[in-house]
**Q** 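Pasting in a structure now, in C-alpha cells, and then I'll have a few things to ask.
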Amino acid sequence: MTDDHADTTSAAQAPDEAAAPTLDALMGERRKKRGALADAGIDPYPSRFDRTAVAADLHSRHEGLEPDVRTGEQARMAGRVTAVRRHGKLSFVTLSDVSGSIQLLLQQASLTDQAAAVLDSIDLGDWIGAEGEVITSRRGELSLEATELWLLSKALRPLPDKWHGLTETDTRYRQREVDLLANPDSRRVFEIRFAAIRAMRRLMEHRGFVEVETPILQPQAGGAIARPFFTHANALDIELSLRIAPELYLKRLVVGGFERVFEIARNFRNEGISTRHSPEFTALESYQAFGDLTDGMDLTEALVMAAAEAATGRTTFVTGDREIDLAGPWPRRPLLDALEERLGRRVHPTDDREELARVCRAHGVEPLDEWGPGKLVFELYDQVLLPETTEPVFLVGYPVEVSPLARHTADDPTMADRFELCIAGKEFANGYSELNVPEEQAERFEFSAAAKAGGDAEAHPADQAFVRALEYGLPPTAGIGIGIDRLVMLLSEVEAIRDVILFPMLRPEAG
RNA sequence: GCGCCUCUAGCUCAAUGGCAGAGCAACGGACUCUUAAUCCGCAGGUUCUGGGUUCGAAUCCCAGGGGGCGCACCA
C-alpha cells in the first residue's frame, strides 16, 4: 500500500516529540524541581492523602460570605494546580478537584518549610494537597489559606494553554485525559453522559428490570442488520463475531424466566465512521415480558425524560439550527399516515414494487434492485420523512421485510408492530412487540440466510439456538433499544459522536 | 472508498515567494489580595515527511502520513 521504495532506511520515524528540544527542556525543568524536593527529603510520590473537603462542598457551605472573613474551619484538600499567581511573599494557587476549583492563598510567613519548598517548585498540572483555614480573600473569594502543602504527583509534561485549552481534535481524541483536564466543556459532556446513563439505570432498576451481561464474542452475530467485526478464538480454533446487538441473547433470558432484563451494551459494527456513526457504540436494550410496543414507547419516553432531567435539568436542546423540546408526551403516529401526508399518496408494502420504485425516484431515493417493496417503503421513511422530523415523535408500524424479529400486525402480515423514536432528523430508539412464534421466526431467518447466500454482507444465517429457545416459549414481550451516544449528543448539544465517546476509534498513532 | 479543507515553538495562533513571529506556559528578576495578575529581562523551530520548481519555499508543484468536513454504507 505504501509505495515506500525509499532508498534510505527512513529513520525519520522519531516517535512523536521525543526529539523535540523544547519539550525536552520543559520536562527537564520539571524533573529538576522534582529532584530538588526529593533531595530536601520530601517524597514526590507519597502513597496516599486524606482530604476532608472538596471545592464544591466548601463553596456550597460558605456561599455569600463577606470579604476578609476567617471561618475558623480547617480543611485538607487535594487536586490539580490549574493556575498560579505569585506576588512575592503572597501567592495564589487555583486547585481543581473532581467537584470544581478553589483558590489557595499562601503567605510566605505562615508556611511550613515543606510548604515553602513545594510552593517553590509548583508547576501547572501538578497534583498537590493543601491544609489550612477556610477564609475569604480581601476581594471576597472563598479560599483555603494553606500553611502546609504536599506534592502528590508531578506533571512532567507541560499543560495546554490555560486560556485556549486544547483545540486540535486529533490530540483531544488521542489524549482524552489531556482534553478532560484542559477543557471544561469536554468534561461537561462526559458528566452529562454519566449522569444520563446513571438515571436510566436507576429507572430500569426501579421498574424491576435486572441488568444482565450477554456475550460480546458470539459465534454468530445477530439481532440487527449490519456487518460485524470478526476475531479468532485460539482455544476453540473458531471464528467469532463481535456482537452487533444483544437482542437474541436478551430474549433467551426472558425465555429463561427473567421477565424484565436490560443491558447497556457496547455494540460493534464494521461500517463507516462519521459524525453520527462510531464502529463502537452503546445502546440500552430492554425486554419486558407481557408487554407490547405501547409499553415499549412508554418506557422509552420515561427513560429519555429521566436522562434529560438528571443530566441537565432541562427539556429544551439546540441541535444544528433547531431547538427541540423533549417535554412529553410525544405523539405516536402511524408511519404510513405520516408518509401519506408527506408524499401526497398512500404507500404500503403490498403495493406494486415498480410503482413504489417510481415513488422513490420521484422523491430522490434511488431504489436498488435487491430492495423489496417493504424496503422501498422503509427507505422513503429513512431518506425523506426522517430527516425532516424535529420534535420527538414515535412513528409506528414498519414493514415486516425490514423487521425480521418483530411481531406482525394482527390484521396485516406485511406490517410489524414496531416503532421508532425520531428527533431532529435522527433515529434515537427502536422497539417492537417481539416475534415469539418459532416457526415464523425460522421462516424470517431463512429469508435472511438466502440474502446472505446472495452476497449480502449485512445478512446473517439462521440462528438455530435462538429458534430453539423460542420453541420453549417466549411470552409476549416488548423490546426497545435506545442509542445512548446519540441521546448524549442531543443532551450535551454537540454535533460529533466522537465528542461523546471517551476514546473514539482512530487510526493508530505514528507512522 | 471518492471529493474538499487542514497540519508552523509545549499550547493557541500570525507570517501569501524575500531575515519564521506573537500571546500563554517555561527560565532569571521585582511585587502581601490576585483571579487570563502586572512589570523588566531571557530563551525556545526537522514550519507533518520525502522529492521537485526557484537566486530564494512555511508559502508554489508532486507523492506520502495524521486529522476534520461532505458524499456513500449504516444506528
Side-chain angles (χ1 to χ4, degrees), chain A residues 1-8 10-14 16-17 19-30 32-33 67-68 82-94 101-110 123-125 135-141 143 145 155-174 178 182-183 224-227 244-245 267 269-279 281-283 366 368 382 386 420-421 426-430 457-458 481-487 495-498 506-511:
Chain A
M1 24 187 66
T2 50
D3 55 337
D4 63 300
H5 308 305
D7 38 8
T8 65
S10 73
Q13 293 293 4
D16 71 11
E17 53 309 271
T22 315
L23 181 59
D24 276 353
L26 292 172
M27 292 182 69
E29 284 293 340
R30 288 167 179 242
K32 215 161 67 190
K33 291 177 188 170
D68 228 350
T82 51
V84 181
R85 298 176 291 280
R86 297 177 198 270
H87 297 262
K89 300 184 180 65
L90 173 70
S91 297
F92 300 92
V93 170
T94 303
S101 62
I102 186 120
Q103 170 171 282
L104 306 181
L105 187 155
L106 300 134
Q107 305 202 62
Q108 196 178 70
S110 52
D123 283 304
L124 290 180
I135 63 161
T136 52
S137 70
R138 239 171 254 169
R139 291 288 173 86
E141 173 153 354
S143 310
E145 187 182 42
L156 292 179
R157 285 180 182 269
L159 262 55
D161 190 296
K162 68 184 173 192
W163 185 244
H164 300 97
L166 184 66
T167 64
E168 197 171 326
T169 48
D170 182 23
T171 313
R172 286 187 48 229
Y173 297 149
R174 286 190 199 280
V178 181
N183 296 331
I225 299 168
R227 302 180 66 159
I244 56 175
N267 296 324
R269 299 192 184 173
N270 209 343
E271 289 158 356
I273 302 177
S274 77
T275 320
R276 270 157 266 289
H277 298 271
S278 168
F281 69 101
T282 303
E366 193 49 45
L368 301 183
D382 201 50
L386 174 62
E420 293 209 344
L421 170 61
K426 290 199 283 276
E427 181 202 326
F428 279 76
N430 182 15
E458 293 178 351
I482 300 179
I484 301 289
D485 310 282
R486 286 184 178 176
L487 177 58
E495 303 294 327
I497 198 167
R498 281 173 161 174
L506 294 175
R507 208 172 287 277
E509 234 173 317

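Numbers restart at 1 for each chain; the letters A, B, ... are given by sequence-line order, proteins then strands.
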**Q** Would you classify A/E427 as touching base, sugar-phosphate or nothing, given that sugar-phosphate means primed atoms plus P, OP1 and OP2, and contacts are heavy atoms under 4.0 Å?
**A**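 Since only primed, P, OP1 and OP2 atoms lie under 4.0 Å of A/E427, the category is sugar-phosphate.
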**Q** Let me know the distance between CG of A/L159 and P of B/U12, rounded to the nearest Å.
**A**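 After rounding, the reported distance stands at 12 Å.
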**Q** Applying a 4.0 Å non-hydrogen cut-off, can you work out what A/T275 is touching in the nucleic acid: base, sugar-phosphate, or nothing?
**A**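 Sugar-phosphate contact only.
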**Q** Looking for any heavy atom pair under 4.0 Å, which part of the strands does A/L105 touch: base, sugar-phosphate only, or nothing?
**A**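 Answer is base: heavy atoms of A/L105 come under 4.0 Å of a base.
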**Q** Over all strands shown, is A/G165 touching base, sugar-phosphate only, or nothing at heavy-atom distances under 4.0 angstrom?
**A**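 If one applies the 4.0 Å heavy-atom cut-off, A/G165 turns out to touch the sugar-phosphate alone, with no base involved.
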**Q** Which listed nucleotide (B/C33, B/A75, B/G10) is nearest to the side chain of A/R486?
**A**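 It is B/A75.
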**Q** Pull out every protein N or O sitting under 3.5 Å from an N or O of nucleotides 22-24 of chain B, one pair per line with the distance.
**A**
{"from": "B/G23", "atom 1": "N2", "to": "A/D161", "atom 2": "OD2", "distance (Å)": "2.7"}

**Q** By centroid distance (under 5.5 Å) and plane angle (under 30°), are A/F92 and B/A37 in a stacked arrangement?
**A**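 It does not: the ring fails the test against the base of B/A37.
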**Q** Compare side-chain N and O positions of A/R174 against OP1 and OP2 of B/G67 and report whether any pair is under 4.0 Å apart.
**A**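 It does, given that an N or O in the side chain of A/R174 lies less than 4.0 Å from OP1 or OP2 of B/G67.
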**Q** Tell me which of A/P158 and A/A83 sits closer to the 5' end of RNA chain B, going by the nucleotide each one is nearest to.
**A**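 Upstream on the strand: A/P158.
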**Q** Under 4.0 Å between any heavy atoms, over every strand shown, what does A/Y173 touch: base, sugar-phosphate, or nothing? Just pick one.
**A**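 Answer is sugar-phosphate: A/Y173 comes under 4.0 Å of backbone atoms only.
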**Q** Would you indicate which nucleotide in B/C33, B/G67, B/U35 comes nearest to any side-chain atom of A/L506?
**A**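 Per side-chain heavy atoms of A/L506, the pick is B/G67.
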**Q** Quick one: label A/G483 by what it contacts on the DNA or RNA (base, sugar-phosphate, nothing), any heavy atom closer than 4.0 Å.
**A**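 Since no nucleic acid heavy atom lies under 4.0 Å of A/G483, the category is nothing.
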**Q** Heavy atoms from C-beta onward define the side chain here; which of B/C31, B/A26, B/A75 lies closest to that of A/D123?
**A**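 The answer is B/A26, which lies nearest to the side chain.
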**Q** Does A/T94 have a side-chain nitrogen or oxygen under 4.0 Å from the phosphate oxygens OP1 or OP2 of B/U35?
**A**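 For B/U35, neither OP1 nor OP2 has a side-chain N or O of A/T94 closer than 4.0 Å.
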**Q** Quick check for you: among B/C69, B/A72, B/G44, whose closest atom lies nearest to any side-chain atom of A/S274?
**A**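 Comparing B/C69, B/A72, B/G44 against the side chain of A/S274, the answer is B/A72.
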**Q** At 4.0 Å (heavy atoms only), tell me whether A/E29 reaches a base, stays on the sugar-phosphate, or touches nothing.
**A**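 Result for A/E29 = sugar-phosphate.
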**Q** Does a nitrogen or oxygen in the side chain of A/R507 sit under 4.0 Å from OP1 or OP2 of B/G67?
**A**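 For B/G67, OP1 or OP2 has a side-chain N or O of A/R507 closer than 4.0 Å.
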**Q** Please work out if A/Q108 contacts a base, only the sugar-phosphate, or nothing of the nucleic acid, heavy-atom cut-off 4.0 Å.
**A**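 Nothing, no nucleic acid heavy atom in range.
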**Q** Round to a whole Å and report the spacing from CD1 of A/I273 to C1' of B/A75.
**A**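 That distance rounds to 14 Å.
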**Q** State whether A/T22 places a side-chain N or O below 4.0 Å from either non-bridging phosphate oxygen (OP1 or OP2) of B/G10.
**A**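 Answer yes for this pair, as a side-chain N or O of A/T22 is under 4.0 Å from OP1 or OP2.
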**Q** Not counting sequence neighbours, list each pair that qualifies as a salt bridge (Lys or Arg N to Asp or Glu O under 4.0 Å) and has a residue in residues 158-170 of chain A.
**A**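 Applying salt bridge (Lys or Arg N to Asp or Glu O under 4.0 Å) to every pair that reaches into residues 158-170 of chain A, excluding sequence neighbours, yields A/D170-A/R174.
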**Q** For A/L368 and A/G140, take the nucleotide of RNA chain B holding the closest heavy atom to each; which residue's nucleotide lies nearer the 5' end?
**A**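 The residue whose closest nucleotide sits nearer the 5' end is A/G140.
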**Q** Looking at the side chain of A/E271, which of B/U32, B/U35, B/A75 is the nearest nucleotide?
**A**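 So the nucleotide nearest the side chain must be B/A75.
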**Q** Which ranges of RNA chain B pair up as stems, where a stem means three or more consecutive Watson-Crick or G-U pairs with both distances under 3.5 Å?
**A**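 B:1-7 with B:65-71, B:10-13 with B:21-24, B:27-30 with B:38-41, B:48-52 with B:60-64 - these are the stems of 3 or more pairs that involve RNA chain B.
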